[in-house]
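Just the heavy atoms: all of them, side chains too, but no hydrogens, waters or symmetry mates, feed the values below. Predicted, not measured: the structure shown is a model, and the values here were computed from it.
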Protein chains: 2
Amino acid sequence: MSRDENIGRKDVSKRVERAHRILDVAAALILRWGYNKTTIDDVAREAGVAKGTIYLHWRTREDLFRALIRRERVDMAEEVKQSISQDPMGATLRGILKHLALVIMKRPLMKALLLRDLDVIGKLAHSGNDTFAYMEKLTGFNSYLETLRDHGLIRADLNLKAQMYIFNAIFMGFFLTMPLMPEGFTLSDDEIADLMAETVHCTLEGNLSISADDLKAVSLAFMQYLDHAVAAAKEHLQQELQ
Amino acid sequence: MSRDENIGRKDVSKRVERAHRILDVAAALILRWGYNKTTIDDVAREAGVAKGTIYLHWRTREDLFRALIRRERVDMAEEVKQSISQDPMGATLRGILKHLALVIMKRPLMKALLLRDLDVIGKLAHSGNDTFAYMEKLTGFNSYLETLRDHGLIRADLNLKAQMYIFNAIFMGFFLTMPLMPEGFTLSDDEIADLMAETVHCTLEGNLSISADDLKAVSLAFMQYLDHAVAAAKEHLQQELQ
DNA sequence: ATATGACTATTTATTCATATTTGGTCAATC
DNA sequence: GATTGACCAAATATGAATAAATAGTCATAT
């Protein structure tokens with residue numbers, strides 16, 4: 001490794017560190033004041049950099065916040081991956097749902113994004129309603145469901161599209177019901193996650209007896225996929241933050 | 001029956017008829033233009049009455065639309081009752097859910113109310129956020145669940161609060177997911193209703209074997225309750241429209 | 001080369017005056 | 001007595017003109 005590259009490396013790591021510091025501030029401010037009322041000046045001041053510095057990282061204000069969202073997603077994916085890998089049943093449908101739910105509940109920004117909380121994401125909701133990425137995610141999930149089905153880990157008497165819809169409805173339903181329940185009918189995050197998992201289990205996994213081999217195979221395939229996807233996303237993010 | 005009362009009757013029936021005509025127009029206009037942009041003048045013109053006449057029925061604009069919503073609820077309840085009574089399994093949890101869902105899907109106004117579609121209900125959403133009536137409905141549903149449980153028609157290994165939450169989450173989830181699914185992943189109303197029922201069945205009813213006696217008992221109790229509640233609501237509505 | 005913050009061109013918020021719409025009333029009419 | 005629609009006050013929309021806030025730039029400093 002030449003000296004030039006070394007120097008470059010050092011510079012880059014400093015830059016990335018600063019980018020993260022700025023995003024940290026942006027995350028705190030968007031949750032405190034909402035996207036519409038969070039200014040670049042605020043972010044710069046709180047992050048201890050000049051405004052111009054922020055524009056050395058991102059071309060526009062929106063770019064900055066979109067980067068924040070991407071980072072949030074990557075961090076979440078990493079956390080979910082860890083969580084799943086520690087649970088023998090983690091790669092089952094109910095496992096994924098439960099771990100995903102618990103991680104999201106701990107992350108106010110992800111929760112706000114999922115629930116489309118306009119107080120937080122404001123105009124960020126309208127612009128760039130990335131349906132392409134969404135479709136991509138859905139089709140990715142589709143192939144995961146196919147794998148599960150091939151290994152007998154979900155019911156075979158329901159078509160994929162239906163199972164897809166059911167999974168989505170349960171996922172969104174449990175989250176969206178949270179703020180709708182009146183006093184006395186609310187449940188804790190952990191209870192909700194468990195019930196979500198239970199619902200998916202009963203409806204999509206049925207009372208199929210899980211073969212250890214199939215579970216192992218699916219877990220391996222899924223973790224391998226997740227490892228790869230998360231690593232790529234992290235790499236991509238690192239690159240993006242230079 | 002004296003002649004006075006007869007004359008009164010006739011007048012009242014005319015009045016009620018007119019009230020319904022006005023509400024019909026209000027329903028059409030609120031769906032076409034939304035609450036905020038539907039004026040009393042519009043309603044009066046379309047209904048073929050003078051504006052003053054409307055104020056002979058309701059004290060304010062909001063009262064008119066709240067009456068419309070009450071009527072919609074009563075009509076819906078009546079329709080659900082009919083639908084359930086024709087289905088042997090109608091009074092089971094999955095039966096109720098399915099019939100309720102199908103009826104709502106056919107009623108744009110109910111759908112808009114359920115989904116809190118601000119384009120339709122506009123400022124009507126904020127004012128009078130009737131949590132009391134909501135609580136009442138929830139506790140009513142609670143006791144229905146208790147009856148089901150006593151007759152072994154739903155699982156006994158989940159507490160009522162949890163089952164309540166699950167039911168709500170499934171119900172809302174399937175409805176709210178409808179507009180969120182992209183092209184190619186959508187399902188028909190009937191498919192969605194069936195999947196909703198299936199989900200509730202798997203999760204809350206389990207694979208319990210239903211005793212014919214218990215089913216009969218629950219159906220009877222439920223239909224009796226529904227009959228009574230709907231009749232009272234209708235009576236109340238009739239009274240309200242004078 | 002990197003970072004800064006004063007600077008500017010836009011955007012957004014505020015104000016104020018005017019015009020229009022609309023909820024609700026009530027004297028006149030049927 | 002029931003119904004009407006002209007009428008009014010209040011609310012809402014429109015627009016101009018001004019002020020304030022803010023995104024993004026760039027000459028200068030480190």
Completion exercise
DNA chain C nearest-nucleotide lookup for A:Val49 and A:Lys37: closer to the 5′ end is A:Val49

Under 3.5 Å between N/O atoms: give me all the protein pairs with nucleotides 24-30 of chain C, atom names plus distance.
{"unit_1": "C:dG24", "atom_1": "OP2", "unit_2": "B:Tyr55", "atom_2": "OH", "d": "3.1"}
{"unit_1": "C:dG24", "atom_1": "OP2", "unit_2": "B:Arg61", "atom_2": "N", "d": "2.5"}
{"unit_1": "C:dG24", "atom_1": "N7", "unit_2": "B:Lys51", "atom_2": "NZ", "d": "3.2"}
{"unit_1": "C:dG24", "atom_1": "O6", "unit_2": "B:Lys51", "atom_2": "NZ", "d": "2.4"}

Exercise for the section: Report yes if at least one side-chain N or O of B:Thr53 is closer than 4.0 Å to OP1 or OP2 of D:dT4; otherwise report no. Expected result: yes

Exercise for the section: Kindly state whether the ring of A:Phe222 and the ring of A:Tyr144 have centres lying under 6.0 angstrom apart. Expected result: yes

Exercise for the section: Indicate, with yes or no, if the rings of A:Phe65 and A:Tyr35 have centres closer together than 6.0 Å. Expected result: yes

Handout entry: Whether B:Thr39 side chain and B:Asp42 backbone form a donor-acceptor pair below 3.5 Å
Key = yes

Practice task
Taking A:Thr186 for its side chain and A:Glu183 for its backbone only, find out whether a donor-acceptor pair lies under 3.5 Å.
Solution key: no

Problem - Side-chain ion pair, A:Glu79 and A:Lys106, N-O less than 4.0 Å - result: yes

Practice task
Work out which heavy atom in B:Leu124 is nearest to a heavy atom in B:Arg66; give both atom names and the distance.
Solution key: O-NH2, 3.3 Å

Whole angstroms only, please: what is the [atom1]-[atom2] distance between [X] and [N]?
{"X": "A:Ile22", "N": "C:dT2", "atom1": "CD1", "atom2": "P", "value": "15 Å"}
{"X": "B:Lys14", "N": "D:dA2", "atom1": "NZ", "atom2": "C1'", "value": "13 Å"}
{"X": "A:Ile54", "N": "D:dT22", "atom1": "CD1", "atom2": "P", "value": "14 Å"}
{"X": "B:Asp42", "N": "C:dG23", "atom1": "CG", "atom2": "P", "value": "8 Å"}
{"X": "A:Asp63", "N": "D:dA23", "atom1": "CG", "atom2": "C1'", "value": "13 Å"}
{"X": "A:Tyr35", "N": "C:dT11", "atom1": "OH", "atom2": "P", "value": "14 Å"}
{"X": "A:Arg18", "N": "C:dA1", "atom1": "CZ", "atom2": "C1'", "value": "12 Å"}
{"X": "A:Arg21", "N": "C:dA3", "atom1": "CZ", "atom2": "P", "value": "11 Å"}

Practice task
For the side chain of B:Arg15, starting at C-beta, report the closest nucleotide among C:dT4, D:dT3, C:dA3.
Solution key: D:dT3

Exercise for the section: Just compare D:dT22, D:dT3, C:dT22 and give me whichever is closest to any side-chain atom of A:Thr39. Expected result: D:dT22

Handout entry: Qualifying residue for side-chain contact (heavy atoms from CB on, under 4.5 Å) with B:Ile192, from B:Thr177, B:Leu102, B:Leu187
Key = B:Leu187

